[in-house]
Number of protein chains: 2
Amino acid sequence: MKITSQEEYGLRCLLQVAQLTVKNELASLEGIAKAEHMTTDYAAKLLSILRNANLIESVRGKSGGYKLSRLPSEIKLDEVIKVLSGELFEVNSCEQFPGNDDKCVHIDCCSIRSVWFSVSHILFALLKQVTLEDLLKKEDLLSKYLKKELILNL
Amino acid sequence: MKITSQEEYGLRCLLQVAQLTVKNELASLEGIAKAEHMTTDYAAKLLSILRNANLIESVRGKSGGYKLSRLPSEIKLDEVIKVLSGELFEVNSCEQFPGNDDKCVHIDCCSIRSVWFSVSHILFALLKQVTLEDLLKKEDLLSKYLKKELILNL
DNA sequence: GCTAATCTTGACTTTTTAGTCAAGATTAGG
DNA sequence: CCTAATCTTGACTAAAAAGTCAAGATTAGC
């Protein structure tokens with residue numbers, strides 16, 4: 001249960017694209033990488049994940065670049081995080097942790113599983129309340145908003 | 001943002017210890033490993049993490065084993081998860097993701113960071129509401145309890 | 001059509017996490 | 001005091017995640 005590199009840097013790239021999209025410009029790979037102080041190769045890899053998930057679109061060739069597929073207000077963090085690293089705990093795969101067997105010993109009754117399900121559910125309900133548009137705000141503004149709104153709306 | 005092996009299997013071992021502790025028995029390494037279908041070596045490693053964090057105590061020598069250091073009702077999941085894998089996002093280390101620099105580009109203002117902080121805060125507040133005693137219940141009972149109580153008490 | 005600026009892809013290397021192995025320390029009970 | 005049943009530890013190997021490299025495809029503008 002940790003924020004992964006792919007989530008963190010993938011989201012940063014997406015936010016760079018969002019910033020230019022609202023100005024009606026395309027974001028170039030090189031521009032994104034420079035802004036985020038990362039290599040273009042790594043940025044390219046992350047952007048390809050975002051593109052394959054239809055969060056962004058790319059235009060190839062000279063004067064090409066990336067733009068959001070939808071409005072920033074229509075892209076919610078729960079979707080972004082699922083694209084970048086999947087669910088916290090996959091509902092149909094307690095098989096992720098089968099011990100040394102094919103099948104988990106606890107398949108019939110597992111109190112741990114029910115905690116993961118609840119936590120995962122609430123977590124993604126939280127993330128669903130935050131959009132890329134929110135993330136384009138300044139930190140102090142967003143921070144206040146999150147404190148006021150996040151839990152209340154669960 | 002995924003449940004790690006260490007969290008899952010570590011918690012399973014801890015729960016095995018808890019089951020015997022409430023019966024006033026010591027849990028042996030071999031017993032725990034057999035019950036969870038894992039190797040004794042791996043169980044040993046996880047139990048040593050739990051022991052170093054003072055969640056369990058061990059008795060060496062013949063007729064030795066493990067027991068909880070506290071009552072199951074006094075051990076909360078937020079602590080267990082922190083022991084097994086740390087915070088979701090370390091407050092004092094945006095340095096975890098500095099890009100190709102020493103210092104993160106966004107150190108002064110980072111909307112992403114404020115989301116991680118909020119989410120992490122709520123997540124551990126949730127986990128704090130669940131104790132090992134709760135986890136000793138049957139899945140269906142616990143599941144109902146979680147649905148009713150978890151969010152309400154935030 | 002050439003060229004330079006762009007995106008695309010898959011194989012590769014490095015780092016981290018997961019899991020194993022083996023040698024050793026402790027102690028109850030005979 | 002010996003032995004068998006325990007726990008302990010650190011080094012090692014395997015698997016997964018992170019990040020790099022290199023070759024190639026596309027297209028605007030000359």
Side-chain angles (χ1 to χ4, degrees), chain A residues 1-13 16-17 20 25-34 36-67 69 83-86 90 96-101, chain B residues 1-13 16-17 20 25-34 36-67 69 83-86 90 96-101:
Chain A
M1 252 195 215
K2 284 202 160 300
I3 303 295
T4 63
S5 288
Q6 193 158 298
E7 286 166 325
E8 174 71 27
Y9 292 123
L11 185 49
R12 289 186 193 181
C13 289
Q16 287 291 334
V17 176
L20 291 204
E25 293 172 27
L26 291 179
S28 78
L29 192 48
E30 202 189 344
I32 294 168
K34 276 212 175 113
E36 293 296 339
H37 290 218
M38 52 205 285
T39 61
T40 52
D41 286 315
Y42 190 31
K45 183 179 210 170
L46 297 173
L47 286 160
S48 87
I49 294 170
L50 297 169
R51 188 176 59 81
N52 287 324
N54 290 313
L55 288 171
I56 60 177
E57 289 167 8
S58 63
V59 177
R60 297 178 75 166
K62 201 165 177 177
S63 80
Y66 299 92
K67 65 178 177 191
S69 303
V83 162
L84 290 170
S85 86
E90 309 287 341
Q96 193 187 350
F97 301 113
N100 284 333
D101 275 339
Chain B
M1 252 196 215
K2 284 202 160 299
I3 304 295
T4 64
S5 288
Q6 193 158 298
E7 285 166 325
E8 174 72 27
Y9 292 122
L11 184 50
R12 289 186 192 182
C13 288
Q16 287 291 334
V17 175
L20 292 204
E25 294 172 25
L26 291 180
S28 78
L29 191 47
E30 202 188 344
I32 295 168
K34 277 213 174 110
E36 293 296 341
H37 291 218
M38 52 203 285
T39 62
T40 52
D41 285 315
Y42 189 30
K45 184 179 210 172
L46 298 173
L47 286 160
S48 86
I49 294 170
L50 296 169
R51 188 176 57 81
N52 287 325
N54 292 311
L55 288 171
I56 62 177
E57 287 167 12
S58 63
V59 178
R60 298 179 73 167
K62 200 165 177 174
S63 82
Y66 300 93
K67 66 177 174 191
S69 305
V83 162
L84 290 170
S85 86
E90 310 287 341
Q96 194 187 349
F97 300 113
N100 285 333
D101 275 339

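Below, chains carry the letters A, B, ... as their sequence lines are ordered, and counting in each starts from 1.
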## Note on the structure
Outermost contacting nts on DNA chain D, any atom under 4.0 Å from chain A heavy atoms, listed 5' then 3', are D/dA18 to D/dA28
### Query
Between A/Val59 and B/Gly64, which has a closest nucleotide on DNA chain D that is more 5'?
B/Gly64
### Task
Assess whether atom NZ of B/Lys67 is packed by more than 12 heavy atoms of other residues, nucleotides or ligands within 6.0 Å.
no
Protein and nucleotides 11-18 of chain C: nitrogen or oxygen contacts under 3.5 angstrom:
from, atom 1, to, atom 2, distance (Å)
C/dA18, OP1, B/Ser5, N, 3.4

### Query
So with a 6.0 Å cut-off around CD of A/Glu30, is the heavy-atom count from everything else above 12?
no
### 5' priority, DNA chain C, between A/Gly61 and A/Arg51 [closest heavy atom]
A/Gly61
### Query
Do A/Ser85 and A/Gln6 meet the criterion of a side-chain donor-acceptor pair at a distance under 3.5 Å?
no
### Min side-chain heavy-atom separation A/Val17-A/Leu47 under 4.5 Å
yes
### Nearest-neighbour nucleotide for the B/Lys62 side chain, C/dT20, C/dA4, C/dA28 considered
C/dA28
### Task
State whether the side chain of B/Glu7 and the backbone N or O of A/Met1 hold a donor-acceptor pair below 3.5 Å, judged by distance alone.
yes
### Query
Just checking A/Ala27: base, sugar-phosphate only, or nothing, at a heavy-atom cut-off of under 4.0 Å?
sugar-phosphate
### Query
What pair of heavy atoms forms the shortest contact from B/Ile49 to B/Leu84, and how long is it?
CG2-CD2, 4.3 Å
### Query
Do A/Tyr66 and A/Leu29 come close enough that some side-chain heavy atom pair is under 4.5 Å?
yes
### Message
Please check this pair: side chain of B/Ser69 against backbone of B/Leu55, looking for a donor-acceptor N/O pair closer than 3.5 Å.
### Response
yes
### Task
Tell me what A/Ser48 touches on the nucleic acid: a base, only sugar-phosphate, or nothing, going by heavy atoms under 4.0 Å.
nothing
